[in-house]
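Here is the structure we will look at.
Within every chain, numbering begins at 1; the chains are lettered A, B, ... in the order of the sequence lines, protein sequences first and strands thereafter.
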Amino acid sequence: MAKSLGDVVIDIEKCKGCELCIDACPQETLALAPRINQKGYHYAIKVQDNCTGCNNCALICPDAVITVYRKIVK
Amino acid sequence: MGIQVQEIPINPEIVQDENLLYCKPDTLTPKPFHYCPGCGHSTVHKILMEVVAEMGIQEEIIGVAPVGCSVFAYDYMDVDMQEAAHGRACAVATGIKRMMPDKFVFTYQGDGDLAAIGTAETIHAANRGENILVVFINNAVYGMTSGQMAPTTLPGMVSTTSPFGRDVHTMGYPIKVSELLATLPAVAYVTRQSVHTPGNVRKTKKALQKALEYQKQGLGFCLVEIVSNCPSNWKMTPLESNKFIDDKMIPYYPLGDVKVPEVK
Ligand SMILES: Cc1ncc(C[n+]2csc(CCOP(=O)(O)OP(=O)(O)O)c2C)c(N)n1
Ligand code: SF4
Ligand code: SF4
Ligand code: SF4
């Protein structure tokens, strides 16, 4: 069966820690980092290696800081 | 630091150009949005510019920015833009479209801008059937000036100028702009959407694209109302504000098409 593997790259310095991506991810792949970025926001990071590349986080991210990759493997 | 969160590195086998599914469109400038965390203005800027990129009309579209939080829309949208005085965006867009009918023209306006100080300009542009797209962000408050009551503030909703909640007997009922404008015969397309879930973001994008296609066909005035949030002035987290949209805003402002053009 074809399987879709995904990954996300987050521009952490531009993330505002709004958490919308975390809530929108069906895989619970994302969480806020304990650290803060230069703006003072806790930024979103990947905490599980289970992204499917569904694109939900990128759709909801107001600041367009998430880049999504998806690979379909047989 | 109590919480233990382990960041997972990117997977170089997946993060390859050929697997790219989504990235910020070129039609947005590199400048980070000044909007508050989780603000719908950012999301709408993003998808509007994605539509412009996908339709390949970056050089053929002219936008009119409002007064309100999105007054600097021209700093982010990498297309030709004109700033209008408060509320006058539809009048400015009328002038631009009539001088340059081959260009796509849109306004981007908040509820204070479009439905309070700009009511006359909005209604008459719609009534004349000006062939423009109006993108209307309904966040139920005056965001920029710190959360005063807007024409769209919900009954009972607290704002800085309705500290005991909007009393409809003295302050009137919230205006349903979409339903109001849909009654005008020269208005081609009216739809109300939102950007508070990934599915709604998709639908709003589709609506914006449709409106621009109708403009190309010369069908006339198109309004895309977007029920949005203002976490800062609603005094909520972004997630709470999105729940408020579901629980309170959408019951009063139902989503969906209010008027669609007849297929020719
Ligand atoms: C002629 C004039 N009157 C009043 C103002 C003050 N003012 C600035 S923005 C604004 C309202 C903005 O609210 P809205 O259009 O809902 O946009 P938002 O900030 O919520 O996106 C007002 C009253 C102004 N700038 N110019
Ligand atoms: S692409 Fe989908 S699965 Fe992957 S992090 Fe984003 S929301 Fe989660
Ligand atoms: S949605 Fe975007 S800005 Fe908000 S926390 Fe996620 S990555 Fe950061
Ligand atoms: S004040 Fe409200 S509308 Fe303005 S940027 Fe902040 S959240 Fe958005």
Is there a side-chain contact between [X] and [Y] in this structure, where contact means two heavy atoms from C-beta onward sitting under 4.5 Å apart?
{"X": "L30(A)", "Y": "I22(A)", "result": "yes"}
{"X": "Y108(B)", "Y": "H41(B)", "result": "yes"}
{"X": "R202(B)", "Y": "L59(A)", "result": "yes"}
{"X": "L32(A)", "Y": "I45(A)", "result": "no"}

Check each atom of [X] against the heavy atoms of chain A and say whether the ones under 4.5 Å are side chain, backbone, both or neither.
{"X": "N200(B)", "answer": "neither"}
{"X": "H196(B)", "answer": "backbone"}
{"X": "V15(B)", "answer": "both"}

Judged by atom type as modelled, is there a donor-acceptor pair below 3.5 Å linking the side chain of [X] to the main-chain atoms of [Y]?
{"X": "K46(A)", "Y": "P9(B)", "value": "yes"}
{"X": "N37(A)", "Y": "I12(A)", "value": "yes"}
{"X": "R70(A)", "Y": "G53(A)", "value": "yes"}
{"X": "H45(B)", "Y": "A73(B)", "value": "no"}

Which bit of [X] comes within less than 4.5 Å of chain B, counting heavy atoms only: side chain, backbone, both or neither?
{"X": "C15(A)", "answer": "neither"}
{"X": "E13(A)", "answer": "neither"}
{"X": "I72(A)", "answer": "neither"}
{"X": "K14(A)", "answer": "side chain"}
{"X": "V65(A)", "answer": "neither"}
{"X": "A58(A)", "answer": "both"}

Notebook entry, point to check: When N138(B) is tested against each of T152(B), I226(B), L114(B), V177(B) for side chain to side chain contact (heavy atoms under 4.5 Å, CB included), which residue passes?
Noted result: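 Filter result, single survivor: T152(B).
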
Please rank [options] by heavy-atom pairs under 4.5 Å with chain A and give me the top one.
{"options": "I14(B), I10(B), T43(B)", "answer": "I14(B)"}
{"options": "N19(B), V201(B), N242(B)", "answer": "N19(B)"}
{"options": "V195(B), L21(B), T197(B)", "answer": "L21(B)"}
{"options": "Y35(B), F33(B), Y22(B)", "answer": "Y22(B)"}
{"options": "P25(B), S42(B), C36(B)", "answer": "S42(B)"}

Notebook entry, point to check: Are D246(B) and K243(B) within salt-bridge range, i.e. N to O under 4.0 Å?
Noted result: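 Salt bridge: no.
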
Item checked: K46(B) bridged to D63(A) by N-O distance under 4.0 Å ->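 Judged by the 4.0 Å cut-off on N to carboxylate O distance, K46(B) and D63(A) do not form a salt bridge.
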
Margin query: Less than 3.5 Å apart, any donor N or O on the side chain of N50(A) or T29(A) sitting next to an acceptor on the other?
Written below: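 Side chains of N50(A) and T29(A): pair found under 3.5 Å.
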
Checklist line | Heavy atoms of other groups near K216(B) NZ, more than 12 under 6.0 Å | finding: no

Notebook entry, point to check: If you count heavy-atom pairs under 4.5 Å with chain B, which of C61(A), C18(A), P62(A) comes out on top?
Noted result: P62(A)

Note to self: For the interface with chain B, which of I60(A), D49(A), V73(A) has the highest count of heavy-atom pairs at distances below 4.5 Å?
What the structure shows: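 Most heavy-atom pairs within the cutoff with chain B belong to I60(A).
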
Notebook entry, point to check: Going by the salt bridge (Lys or Arg N to Asp or Glu O under 4.0 Å) test, which pairs reach into residues 9-38 of chain B, not counting sequence neighbours?
Noted result: K31(B)-D75(B)

Item checked: Part of residues 47-62 of chain B lying next to chain A, heavy-atom separation under 4.5 Å ->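 Near chain A, by residue number: none.
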
